[in-house]
Amino acid sequence: MPKRKTEKSRENFFADVFDIVRLVPKGRVTTYGAIAACLGLKSGARMVGWAMNASHGEKNVPAHRVVNRSGLLTGRHHFETPTAMEERLKKEGIKVTKNQVADFDRLFWDPAEKIFGKK
DNA sequence: GACATGACGATTT
DNA sequence: GAAATCGCCATGT
């Protein structure tokens, strides 16, 4: 287990990521980079992905709505089943083709919009 | 304490 | 235009 020092940072980071992902409207998708940018990280996209890994314990975190900047479902293999991600997205009305979100540009939801407008 | 890895992104060659 | 490389911060070994 990490020391308290990292624990604090980790908690803040994960909390922010989970909160943002949770705020993603149904039928919308966002990207790791967008979330990272909201947290103030220039390129913390990797960390966001790491946080998503921890999201396995957070049932209320729709990690399936988080894709890479290309709209590609890069993390589908980390789900319970390789198809769970696209299946869920399709269920919410999002079309997925070849592990990629259709009309990704249109469905893209920018957390900065909410965070910035809210704060 | 150092090295290697990770569901990414942007920049440079 | 495509490929290779660096950067980012945290985690695991």
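Each chain gets a letter, A, B and so on, in the order the sequences are listed, and its residues count up from 1.
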### Message
So, under a plain 3.5 Å distance rule, would you say the side chain of R46(A) forms a donor-acceptor pair with the base of dG9(B)?
### Response
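No, no donor-acceptor pair under 3.5 Å.
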
### Task
For dT5(B) and dT5(C), measure between their P atoms and round to the nearest Å.
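Going atom to atom, P in each nucleotide, I get 16 Å.
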
Rounded to the nearest angstrom, tell me the gap between atom [atom1] in [X] and atom [atom2] in [N].
| X | N | atom1 | atom2 | result |
| --- | --- | --- | --- | --- |
| L39(A) | dC9(C) | CG | C1' | 12 Å |
| F13(A) | dG6(B) | CZ | P | 17 Å |
| N53(A) | dA7(B) | CG | P | 8 Å |
| F18(A) | dA7(B) | CZ | P | 16 Å |
| M52(A) | dG9(B) | CE | P | 12 Å |
| R69(A) | dT11(B) | CZ | P | 11 Å |
| Y32(A) | dC8(C) | OH | C1' | 16 Å |
| L41(A) | dG6(B) | CG | P | 21 Å |

### Task
State plainly whether the residues R88(A) and E92(A) are in salt-bridge range, i.e. N to O under 4.0 Å.
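No salt bridge links R88(A) with E92(A).
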
So [X], base contact, sugar-phosphate only, or nothing? Heavy-atom distance under 4.0 Å.
| X | answer |
| --- | --- |
| A36(A) | nothing |
| N68(A) | sugar-phosphate |
| H56(A) | base |

### Task
State, yes or no, whether a side-chain contact exists between V66(A) and V61(A) at a heavy-atom distance under 4.5 Å.
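They are not in side-chain contact.
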
### Query
Among dG9(B), dC9(C), dA7(B), which nucleotide sits nearest the side chain of A45(A)?
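Closest nucleotide to the A45(A) side chain: dG9(B).
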
### Query
Choosing from dA7(B), dG9(B), dT11(C), which nucleotide comes nearest the side chain of W50(A)?
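Output: dT11(C).
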
### Query
Hey, does the side chain of T31(A) come within less than 4.0 Å of dC8(B)'s phosphate (OP1/OP2), counting only N and O?
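Checking T31(A) against dC8(B): no side-chain N or O falls below 4.0 Å of OP1 or OP2.
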
### Query
Is there a donor-acceptor pair closer than 3.5 Å between any side-chain N or O of D103(A) and the backbone N or O of L107(A)?
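No, D103(A) side chain to L107(A) backbone: no donor-acceptor pair under 3.5 Å.
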
### Query
Under the salt bridge (Lys or Arg N to Asp or Glu O under 4.0 Å) test, which residues partner R69(A), sequence neighbours left out?
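Per chain and number, R69(A) pairs via salt bridge (Lys or Arg N to Asp or Glu O under 4.0 Å) with no residue.
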
### Task
Mark yes when over 12 heavy atoms from residues, nucleotides or ligands other than K91(A) sit less than 6.0 Å from its NZ; otherwise mark no.
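Not buried by this count: 12 neighbours or fewer within 6.0 Å.
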
